[in-house]
Each structure stands twice: as C-alpha cells, then as structure tokens.
Q: 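Before I ask anything, let me first share the structure, which is written out below as structure tokens.
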Amino acid sequence: MNKNEQISRNMTAVRIRKHEGADHIEVIFLESAQFYRLLKNNPAFDSIIAVLEDAIAKGLAVEVRLASLASNIIEDIRPIARGSN
C-alpha cells in the first residue's frame with residue numbers, strides 16, 4: 001500500500017474533544033493512542049459528528065476513512081452495517 005492512499009479502519013470512538021477557536025475537533029478511539037482530527041471545513045462535518053455521537057452513545061465501532069496511512073485527518077466516518085453476513 002502506498003502511504004498516500006486513503007485507508008479505512010474499524011475503530012470505536014470514545015470521546016470527541018472540541019477546542020475553542022480551533023479549525024478541527026479531536027476524536028479519540030479505543031484502538032489507538034493517536035488523536036485523530038476532523039476538520040471543521042469538511043463538507044460532511046455535521047453528519048460525521050452525528051454518526052460519532054450515536055456510535056459513542058451505543059458503544060459501537062465505526063468505519064473511519066483517513067486521508068492516508070500516515071495521516072491523522074479523518075475524511076469520513078460511517079456506521080458499520082450490522083447483520084450483513
């Protein structure tokens with residue numbers, strides 16, 4: 001895999017941290033010690049926050065798409081389909 005290719009990981013969000021005046025929010029996932037950033041100028045920002053808040057409330061993992069393997073920038077987050085075997 002090229003380090004500039006987008007990647008997706010299934011992770012469990014545990015906290016959203018907002019910083020006054022920042023251009024991003026931080027998302028903390030159970031599976032990683034790294035803090036991930038969701039930029040406020042992301043066109044899907046509001047819907048991503050809604051998915052994150054729902055997943056945190058229910059303790060569910062989500063599919064997290066990152067800008068690249070070496071990045072901590074969240075491009076998209078989607079619920080993981082349940083019961084689709």
Side-chain angles (χ1 to χ4, degrees):
M1 174 184 289
N2 183 321
K3 75 175 188 174
N4 293 323
E5 290 180 33
Q6 288 185 337
I7 64 158
S8 292
R9 294 180 59 190
N10 292 346
M11 296 193 287
T12 308
V14 292
R15 186 166 179 210
I16 297 170
R17 291 185 358 174
K18 300 175 183 178
H19 301 283
E20 187 83 25
D23 67 344
H24 67 280
I25 61 151
E26 289 179 335
V27 183
I28 302 167
F29 294 98
L30 185 63
E31 295 83 358
S32 177
Q34 181 174 14
F35 289 9
Y36 292 83
R37 297 186 319 158
L38 173 60
L39 301 178
K40 291 181 178 177
N41 67 359
N42 184 316
F45 181 83
D46 291 334
S47 61
I48 292 172
I49 290 293
V51 169
L52 279 170
E53 289 174 342
D54 185 58
I56 290 169
K58 295 176 180 175
L60 298 175
V62 290
E63 180 183 350
V64 180
R65 192 176 81 215
L66 302 172
S68 71
L69 182 61
S71 177
N72 71 337
I73 302 296
I74 297 169
E75 294 288 321
D76 196 18
I77 290 184
R78 297 182 182 171
I80 296 173
R82 302 284 178 219
S84 55
N85 292 0

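On a predicted model such as this, the values are computed, not experimentally measured, just so you know.
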Q: Distance from L66 atom CG to M11 atom CE, nearest 0.5 Å?
A: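 Spacing of CG (L66) from CE (M11) equals 5.5 Å.
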Q: For a 4.5 angstrom cut-off between non-hydrogen side-chain atoms, does N41 reach D23?
A: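 The answer is no; the side chains never approach within 4.5 Å.
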Q: Looking at T12 and A61, what are the two nearest heavy atoms and their distance?
A: OG1-CB, 3.7 Å
Q: Do V62 and N10 come close enough that some side-chain heavy atom pair is under 4.5 Å?
A: no
Q: Strictly by salt bridge (Lys or Arg N to Asp or Glu O under 4.0 Å), give each pair with a member in residues 25-48 just once, sequence neighbours left out.
A: R17-E26
Q: Residues sharing I28's hydrophobic cluster, by side-chain heavy-atom contacts under 4.5 Å among ILVMFWY, directly or via others?
A: V14, L30, F35
Q: Within a strict 4.5 Å, meaning less than it, do heavy atoms of the F29 and V64 side chains meet?
A: yes
Q: Work out which heavy atom in N42 is nearest to a heavy atom in E75; give both atom names and the distance.
A: ND2-O, 3.0 Å
Q: With a cutoff of under 4.5 Å between side-chain heavy atoms, which Ile, Leu, Val, Met, Phe, Trp and Tyr residues group with I73?
A: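 Cluster partners of I73: L39.
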Q: In residues 49-59, what donor-acceptor pairs under 3.5 Å come from side-chain atoms, sequence neighbours left out?
A:
unit_1	atom_1	unit_2	atom_2	d
D54	OD1	K58	NZ	3.2
D54	OD2	K58	NZ	3.4

Q: Roughly how far, to the nearest 0.5 Å, is the CD1 atom of I77 from the CZ atom of R65?
A: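 Output value for this atom pair is 10.5 Å.
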Q: Minimum heavy-atom separation for A13 and V27, please, with both atom names.
A: CB-CG1, 4.3 Å
Q: Just jot down the side chain to side chain contact (heavy atoms under 4.5 Å, CB included) partners of A22, sequence neighbours excluded, or say none.
A: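 Side chain to side chain contact (heavy atoms under 4.5 Å, CB included) list for A22, sorted by chain: H19, H24.
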Q: Partners of R78 by salt bridge (Lys or Arg N to Asp or Glu O under 4.0 Å), sequence neighbours excluded?
A: D76
